[in-house]
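This one's a predicted model, so the numbers in the text were calculated from it and none came from an experiment.
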Amino acid sequence: MKFNKLYLYVSVLWGFTTLFTSCGEDRMHEYYERTAVNRWIYEEMQDWYYWEENLPSEESANFLANAETFFNSICYSSDKYSYIESIEEMDSETRSISSISYTYGFDFARIDIRLSSVGTVYGILVLYVAPDSPASEAGLKRGDMIISMDGRYVTANNYTRLYGSDQMVIGLGEYDEEENVLITTETKTLSTARAVEDNPIYYYNRFEHAGKQIGYLVYNHFTGGPNDSSTGIYNEELIEVAAAFARQGVDEFILDLRYNNGGYVYCAQILSSILAPKNALQEPLAYMEYNQHHPEYTGYIQFINDISERGANLNLSTLYVITGSMTASASEMVINCLTPYMNVIQVGATTEGKNVGSISITDGTGEFPWILHPIVCRIYNSQMESNYSNWATTYYPFNEFDYFYDFKELGDPEELVLARTLSIIDGTYIEEEEEEETRGRTDHAKYISSSLERRATPVRIR
């Protein structure tokens, strides 16, 4: 019996070694060369991945797969947000204007329109336009609907040109529901896509409304500077804007995060410290939970007291937050982490629900042309709450895409979501009847997605 077992072990060993030998040549080094990038990926994931305990064993992992396939195969099945990208291809990937340099300078929503004559086409609804961009130079504005590119309907096969391409003529128009047709009203020429600076502080203003001084800020991503970092001139500008609001004695504040799909924790700390009651600044802001290999990072992070010293803390007791389906990660962190300290009134659509954070990892030598973006932590508020589906003190649901034909500029007091929020503040808000709520919906045209959803963006730790 012992002989049989020995024979089996020897046979298995012989079968394994023949995979890496041929005609007497040892090919083990070829195996290690072919698997080097995946072994690096596996080691980094063992070290940093939040769900490290759920990684497959080395024996069961397919190290011979290509890098992207291998990375995806070892991620935890419930992980929607970790991803890998090629350094060589990342500049040409289709991401929102906050994280890419080659762009026309606008973000948009896709409206799925079923025309009886040609089938399904897209109406491209402009959400916002970055200044000093091809889009702004062409006179494109929020609420415009692009229905053609160089004379062709916009479809699933060609709409990605709008992320950034050569010069093109776009047709603007409207959807006639009764006739079930798209009508071109004018054309504009977009110059060739180029590098565009997308300042996250898109718009701010102070409204004198119903005897109140109301601050309003549209903040579109948590980025500290033009080089996509956590620190820089955008943070400084945000602090200066907040200090001006404080000097003006704002009574109420509306934070518009409807198009903000995340960014850096440090930027979220700054914004939270601006908005929080002053007496909360001595308390913890959030709790960050890492895997067992990094207990040194697990723990509370604080508000930034320097904000108050610079006169930028607004000392609010209530915060009104406008949200959308693209509102995610760092935006949600701010809402969740301020809730223990103040009334948070949410107006708008249900947010994404990302309660996790990531880092970016390269090998440091340039040998492997990949960037890993693994989830490395889960984020809680100071009460150890991390359920992003039930946070606001009060929630007023409203989907602006049910009224896509009635988009006004951000900051216009008559813009649908802002007007709704102002009415909540002044006490004139009346909940509409269901039939009135659905007046913007149609069986032939509906919102399906936006350009902001092209890359899942967890909170970035560093």
Query - Test: Lys278 and Glu283 ion pair at under 4.0 Å - result: no

Query raised in the report: Thinking salt bridges, do Glu44 and Arg39 make one under a 4.0 Å N-O criterion?
Result: no

Query raised in the report: Taking the six-membered ring where the residue is Trp, are the ring centres of Tyr219 and Tyr202 under 6.0 Å apart?
Result: no

Query - Electrostatic pair Glu137-Arg194, nearest N-O below 4.0 angstrom - result: yes

Requested in this report: Taking the six-membered ring for Trp and the full ring for Phe, Tyr or His, determine whether the centres of Tyr159 and Tyr122 are under 6.0 Å apart.
Outcome: yes

Query raised in the report: What about the rings of Phe70 and Phe63, do their centers lie closer together than 6.0 Å?
Result: yes

Query raised in the report: Is Glu53 atom CD crowded by more than 12 heavy atoms from other residues, nucleotides or ligands, each under 6.0 Å away?
Result: no

Query - Donor-acceptor contact present, side-chain Thr298 to main-chain Tyr290, <3.5 Å - result: yes

Report task. Kindly say whether the aromatic ring centers of Trp48 and His293 come within a distance under 6.0 Å. Result -> no

**Report entry** Backbone N/O of Ala276 and side chain of Asn313: donor-acceptor pair under 3.5 Å
**Finding:** yes

Query raised in the report: Between Phe108 and Phe106, is the gap from one ring center to the other below 6.0 Å?
Result: yes

Report task. Using the test ring-ring contact (aromatic ring centres under 6.0 Å, His included), find all partners of Trp40 that sit at least two apart in sequence or belong to another chain. Result -> Phe368

Report task. Kindly indicate whether a cation-pi arrangement holds for Arg110 with Tyr447, taking the cut-offs as under 6.0 Å to the six-membered ring centre and within 45° of the axis. Result -> no

**Report entry** Check ion pair Glu240-Arg310 (N to O, under 4.0 angstrom)
**Finding:** no

Query raised in the report: Is Arg152 paired with Asp150 through a side-chain N to carboxylate O contact shorter than 4.0 Å?
Result: no

